[in-house]
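Note: hydrogens, waters and symmetry copies are ignored here, and every other heavy atom, side chains too, is used. Worth saying up front: this structure is predicted, and the values here are computed from it rather than measured. Chain letters run A, B, ... following the sequence lines, proteins first and then strands; every chain starts at 1.
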Amino acid sequence: MIYQPYQPKDFEKKWQDEWDKNKTYKSAVRNSSSKKKQYVLAMFPYPSGAGLHVGHVRVYTGTDVTARFFRMSGYDTLHPMGFDAFGLPAENAAIKAKKNPMDMVPEHIATFKKQMKSLGLSYDWDREFATTDPSYYKWTQWLFIQFYKMGLLYKKDTPINYCPVCKTGLAEEEVLPNGTHERCGNKITKKDLPQWIFKITKYADRLLSDLDGLNWPEGILAMQRNWIGRKEGVIINHKVDGTDIQLNTFSAYPAWLFADTFIVIAPEHPLVSKLIKGTKYEKDALAFIEEHKQMTQQEILSGNFEKKGVFTGKYALDPFNNNRKMPIWLANFALMDFGTGIIRCSAHDIRDYEFAQKYKIELNEVVDRIDSKIPVNAHDNSGILKKSGPFTGRNIDQKLIQDVLDWIEKTKIGKREVSYHLRDWIFSRQRYWGEPIPMVFCEKCAKNQVKSQKSKVKSEMAGWFPVPENELPLKLPYIKSYEPTETGESPLSTVADWVNTKCPHCGGPAKRETDTMPNWAGSCWYFLAFPFWNQEKENSEFKIKNLELNENWKLKIKNFGEWLPVDRYLGGAEHAVLHLLYARFWVKALYDLKLLDFKEPFLQLNNVGMILAEDHRKMSKSWGNVINPDDVIAEYGADALRIYEMFMAPFNTEIPWSTKALQGAYRFVKRVWDIYQKNQNSNIKREKEDVKLISKLNKTIRKVTADIPETKFNTSIAAMMEFLNDWESTAGVSRDQNVLSVENAKQFLRILAPFAPFITEEIWRTVFGEKTSIHLSSWPTATEDLVEEELTIPVQVDGKFRSTIKIEGKKIKDRSHVEQEAKKDEKVKKYLGEKKYKAIYVTGKILNFITN
RNA sequence: GUCAGAGUGGUGAAAUUGGCAUACACGCAGGAUUUAGGAUCCUGUGCCUGAAUAAGGCGUGAGGGUUCAAGUCCCUCCUCUGACACCA
């Protein structure tokens, strides 16, 4: 055969089609198999109009390498792909393009799929779906109803971001950091609208404690722990002087409670109106509350606002100090959604201290100052207490804190309490492009339920009923105008024939919920769907039986649940909290519903680092520094792109793109091509194999085998490059290419296959004439090193490296032999001289002579 | 401020977990081939002193410590990145 230069264009398309046609990457049918499995998943993409980004290529290639490795290693491997197509970005893009997202999304998905195939990603496409498919969101809606039925959802008036100029409700993402609307630049306010809310806080403790068993990056675990923000402390009850009002405060630093001299309360706290009603302070307080309302979330979060407050005219009685009177203030730094919204304040907190100085509120310190300018900070939890009742004179330590807590409970001043940073999850969006929330409101039933003494339905929930399950999916109507409405309500509220329906309870006229679900909904359970998302099965076994959804779900989990949970999940750290937390939450709730039998969705998590542009900025159209994977593939081929992205840096580090370095990867792929082309032209005989080269090959196999499961793709490739260097030079020296047997040449090709699926397949089939895909061949096992005749041992004198000596492999454990050999070495002689020494020999690693 | 991660050549980075620091790659320099450029191949490439492919010294953010031996372990500090942040 004549030498052919490397031309990836000549064969990449051919193999894509072949793999497609033969369903090479179809996952095994898995039911009650005892065979080991790997469910390898990349966070699925939102299919934007821009197509795949080189950043996508990085995660998907890493995931693909992992899946291919396990597939070849004999695991049942599930490696699916789908599309997260609901949500704001898609909707805004569609508004801009003046199209309905329903028409646009399929186009974008087609582009993504085409690109994914051109990259050689080994997905089982039979399981593909988009979260926007009614057959998928039928289940999302059904799950919503299950969660509703178990009491995890409630509806409540909640402030949302609202643009008074555009007259529209906004998502958090649309609010710029300076508190203005990203589209019109006007200041955003809050508006109360009824919202569906998920009681994720009910699972706070389990979401926290179950983190312990996960093989996740430490940083992500820490972020989740932080976000949940569990804090142990006490709730203290106070009477308000001259009223029957009771105020509860939360404190995480019980040792310092005797120091508190005043109380602040969040302006939006429901007890405020009661405190100020009819007093001479009312007018000022109301003005203050109004001013506070005008503050945007951003101003509050920026921390740059002035700490302000007004006196309510009322006093709380301090149970720690003989009912000493504590003035109650409204303060703009008190948060309604942390603790109880009411704080006991003292000199031992910088913020409280400054506030008290400003308004000349009396203070009382219980620990002597170290720095004369400021009081000791309670967060330090150290010092000796004074003026602290029974605890005066005691040192602040764990024992004291426990004693204080016991005392508080014994005297019934208050009780131990746990507080969380985690808040309930606002699940409503006043937007078009999301799963319609499958709930119906009936005014008549609502009235009846409120009237009825027997009804246990809370007034806010009265009249709400889930859409009957046999009506699912509740399809999103195809409409022309779906832009946000003037009232801040969902655009669906304007579609009369969709809104008006029958009450599932009384059959009378009723209205549908017009809010849609947030972007997160579809991604909360998609990984559960892949194992059973197989159209053949859908159509035959499950559809024909026409089971109730509940039975249908259970049957699916029973038959295909063996794939679950996900063994390896790969994706960006930007989802560290929200997506990962929400998905964990749903899985736990489903476990409680007995719809799943495991508690954590993702056993191992690996983060992928972002790829920056060559100029070290983020890739962005406006900078004009975007690298399009299609262009790279056209010029260098998919294999070179894959190899480069796996080799560029450790998988989880952020890294700028480098076209030069890409060319290095391209050279490597080309050299692989060339050496096999040369091999093809020589008659290879096993007996001519080079022993050292085979030893190197086995080391390489061992290295790659160990590295891939640890996502150390860069060092895998470095090892293979080393091997290729050796192979080339050995072949060069021996002046014929008979240095590796066909079997061994194939072994190297197989360990390269997960990284470079096209070139390896092409060589496998054309050079070696194989009939079935290399990707279905089995992963090579490294054999024990064939005798290494000589080993190199470094020799130190007094801890300084001086020389190396060669020792026969057999004698490597012979300590005195190694020592004698070392003493023959000229350099060692020079430094060691005639001095007395002690020798430390670590077998096979190092020899160190110590003379002093 | 809190939490997490990271500081190694001109650059991206390695280092079988305490044992020859800088593998692999990019870049650069010199050479071969070429009308030329590109591509390809070969050689060299941490820093300093040296004519040197002689010899030596110094080197993993800074400083200290443990050890025969430290990029790796311990203490103090500095810088950068990310996330959260008026959290009571």
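Across all strands shown, nothing is found opposite rA54(B) as a Watson-Crick or G-U wobble partner with both distances under 3.5 Å. Of the nucleotides present, rA4(B) is the one that pairs with rU81(B) by Watson-Crick or G-U wobble criteria, both distances under 3.5 Å.
Taking side-chain N and O atoms only, R351(A) has a distance below 4.0 Å to OP1 or OP2 of rC87(B). One finds a side-chain N or O of K830(A) lying less than 4.0 angstrom from the OP1 or OP2 phosphate oxygen of rG56(B).
Between rG27(B) and rA51(B), the distance separating the two C1' atoms is 28 Å to the nearest Å. Taking the C1' atoms as reference points, rU33(B) lies 9 Å from rU40(B), given to the whole Å. Remark: the separation of the P atoms in rG18(B) and rG71(B) is 13 Å, to the nearest Å.
Side-chain atoms of D318(A) and N321(A) form a donor-acceptor pair, as typed in the model, at a separation below 3.5 Å.
Anti is the classification of rG12(B), since its glycosidic angle lies more than 90° from 0.
Between F668(A) atom CZ and rC41(B) atom C1' there is a gap of 18 Å when expressed in whole angstrom units. In this structure, I812(A) atom CD1 and rG19(B) atom P are separated by 17 Å, rounded to whole Å. Summarising the geometry, the separation between CG on N332(A) and P on rA88(B) is reported as 18 Å, rounded to the nearest angstrom.
When each of Y353(A), F311(A), W329(A) is paired with Y359(A), the ring-ring contact (aromatic ring centres under 6.0 Å, His included) condition holds for W329(A) and for no other.
Residue Y253(A) is classed as a sugar-phosphate contact, given heavy-atom separations below 4.0 Å to backbone atoms only.
Along RNA chain B, the nucleotide nearest to N848(A) and the one nearest to A719(A) differ in position, and the one closer to the 5' end is contacted by A719(A). For I840(A) and D352(A), each mapped to the nucleotide of RNA chain B holding its nearest heavy atom, the one lying further toward the 5' end belongs to I840(A).
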